[in-house]
Amino acid sequence: MSTATIHGATLEEWERRLPVISDLVGLRETEWFSPHTAPTAEAIADVGLTRADIDDAAARLRRFASYFREVFPETGATQGILESPLVGAPKLHAALAERAGRELPGSLWLKLDSELPISGSIKARGGIYEVLQHAERLAIEAGMLSLDDDYARIAGPEFTEFFSRHAIAVGSTGNLGLSIGIISARLGFRVTVHMSADARAWKKDLLRSHGVTVVEYDSDFSEAVRQGRELADADPDCYFVDDENSTSLFLGYAVAARRLTGQLRAFDVAVDEEHPLFVHLPCGVGGGPGGVAFGLRTEFGDHVHPIFAEPTHSPSMLLGVATGLHDGVAVNDFGIDNVTAADGLAVGRPSGFVGKAMQRLIDGYVTVDDDTLYRLLALLDATEGLRAEPSAMAGVVGPERVAAYSEYLERRGITAERFARATHIAWVTGGSMVPDDEMEGYVARGRELLG
Ligand SMILES: *Cc1c(COP(=O)(O)O)cnc(C)c1O
């Protein structure tokens with residue numbers, strides 16, 4: 001028995017206090033349904049942001065729509081609004097039920113952020129939004145832009161020249177760097193992306209082809225962020241996008257929920273007491289899933305049930321919330337290595353803001369093994385003909401985990417009748433930019449594991 005302590009208690013003491021810790025340190029797939037959830041009306045104040053802040057973010061994205069139409073013609077089909085499809089996945093649903101050997105009540109939908117234009121991941125929401133907000137602020141302060149201008153003007157050379165006097169920096173496991181790098185470079189900013197060791201080579205190559213400076217680190221995400229922040233702080237003209245603490249990123253993600261409401265309405269999907277909505281969100285540092293969940297709570301109140309999904313090797317948000325230590329704890333403190341094929345989720349220390357703000361508004365947390373991610377990726381390909389990156393598959397385990405946890409469903413007042421009418425949305429957070437050969441490798445790996 002070890003007597004070494006981790007944040008003031010031995011591992012045995014932690015395990016006694018929080019039995020889920022045993023599964024986490026054993027790298028076993030597990031789930032933790034939070035005892036801290038509270039009614040939305042009460043807990044939403046924890047966030048310190050309101051519906052009006054989401055309105056403001058949505059309005060800013062509308063102002064920039066003409067710029068996107070002008071500069072990124074692939075956004076023309078949505079009139080310059082960056083949005084992804086919501087699609088039904090009945091064949092995947094049937095295959096998951098067959099593999100689970102049980103019925104999975106309700107219906108399964110996929111939110112395909114993998115198809116988002118410009119950077120092919122959920123980061124096209126928050127990352128791009130924060131850069132737009134910064135660019136707008138600079139241009140307005142310089143007297144070059146006003147809120148009722150046609151923002152297509154921003155594509156002009158006087159703006160590119162103006163922005164080139166300013167710098168932007170970010171630390172990233174890959175996808176945030178892609179989003180921030182591509183939009184910043186296009187606007188004209190000097191942009192540096194500090195990439196953690198797990199970032200894929202093609203993401204670095206793609207960024208360099210856009211004129212982005214890529215700095216590579218041998219260390220993990222938190223370290224890349226720390227060093228990037230330090231370098232940016234030394235340059236007064238440099239704006240650092242802080243993935244660990246940014247409310248701007250968070251609001252960019254939150255807008256997704258507003259738009260999802262319209263998509264659900266279009267498909268005549270009810271969300272109310274009799275028709276619960278479960279949204280399964282892959283979680284890295286927490287800003288993406290946290291922002292989306294915040295938006296969902298403002299839309300659907302207590303009728304939506306956000307569930308976060310993390311790799312077994314990087315369960316940072318689960319650990320932060322369950323221990324109450326939040327960004328004071330890293331998975332490595334518990335001997336968990338933070339090494340995973342889910343590069344977008346390879347985060348050892350959670351956001352310092354999201355866990356505290358959202359802990360009473362998140363229903364549960366599940367962990368997923370890398371092999372499961374590959375299997376699901378191959379299953380998605382085989383059943384629905386859709387492809388995504390490993391990180392993006394984490395939420396797909398959600399419907400089965402929730403169905404298996406009757407104690408949680410009872411506690412939340414979800415009877416068997418209500419659960420049978422549930423809507424599950426797995427947020428498929430990235431993948432369309434993955435090069436074909438790399439994607440073939442993922443699918444082949446998954447097929448092999450499926451046997
Ligand atoms: C970044 C990312 C996430 C999670 O977002 P966080 O804000 O880091 O929690 C999920 N999926 C993919 C593909 C990502 O790139």
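Hydrogens, waters and symmetry mates are skipped; everything else that's a heavy atom, side chains included, is used. Read the numbers this way: they start at 1 and go in the same order the structure lists the ligands and their atoms.
- Scanning both residues, Leu108 and His93, for their nearest heavy atoms gives N-ND1, 3.6 Å.
- Annotation: Tyr408 is in aromatic contact with Phe33 [ring centroid separation under 6.0 Å].
- In the vicinity of Asn175, heavy-atom distances shorter than 4.0 Å reach the ligand 1 atoms 13 (C), 14 (C), 15 (O).
- Ranking the protein heavy atoms by distance from atom 11 (N) of ligand 1 puts Thr429 OG1, 2.6 Å first.
- Within ligand 1, counting atoms from 1 as listed, the ones closer than 4.0 Å to a heavy atom of Cys283 are 9 (O).
- Looking at ligand 1, you'll find an N or O of Gly288 within less than 3.5 Å of one of its N or O atoms.
- Heavy-atom contacts of Pro282 reach the following atoms of ligand 1: 4 (C), 10 (C) (cutoff under 4.0 Å).
- Just one residue in the list Thr367, Asp220, Asn338 forms a side chain to side chain donor-acceptor pair (under 3.5 Å) with Ser314, and that residue is Asn338.
- Atom numbering of ligand 1 starts at 1 in the shown order; those under 4.0 Å from a heavy atom of Ser391 are 13 (C).
- In this structure, the protein non-hydrogen atom closest to atom 4 (C) of ligand 1 is Gly284 N, 3.5 Å.
- Among protein heavy atoms, atom 1 (C) of ligand 1 sits closest to Lys123 NZ, 1.3 Å.
- Ligand 1 is approached by Gly286 to a heavy-atom distance shorter than 4.0 Å.
- The environment of Glu98 atom CD is sparse: at most 12 non-hydrogen atoms of other residues, nucleotides or ligands sit within 6.0 angstrom.
- Judged by the 6.0 Å and 45° rule, Arg445 forms a cation-pi pair with Tyr374.
- The distance criterion of under 3.5 Å between nitrogen or oxygen atoms is met by Val285 with respect to ligand 1.
- Going from atom CH2 of Trp14 over to atom CD1 of Ile21 covers 6.5 Å, rounded to the nearest 0.5 Å.
- When only non-hydrogen protein atoms are considered, atom 10 (C) of ligand 1 lies nearest to Leu345 CD2, 3.3 Å.
- Ring centroid separation for the pair Phe250 and Tyr129 does not come in under the 6.0 Å cut-off.
- The number of heavy atoms from other shown groups lying within 6.0 Å of CG (Asp437) is above 12.
- Of all atoms in ligand 1, numbered sequentially from 1 with element shown, those under 4.0 Å from a heavy atom of Pro289 are 5 (O), 6 (P), 7 (O), 9 (O).
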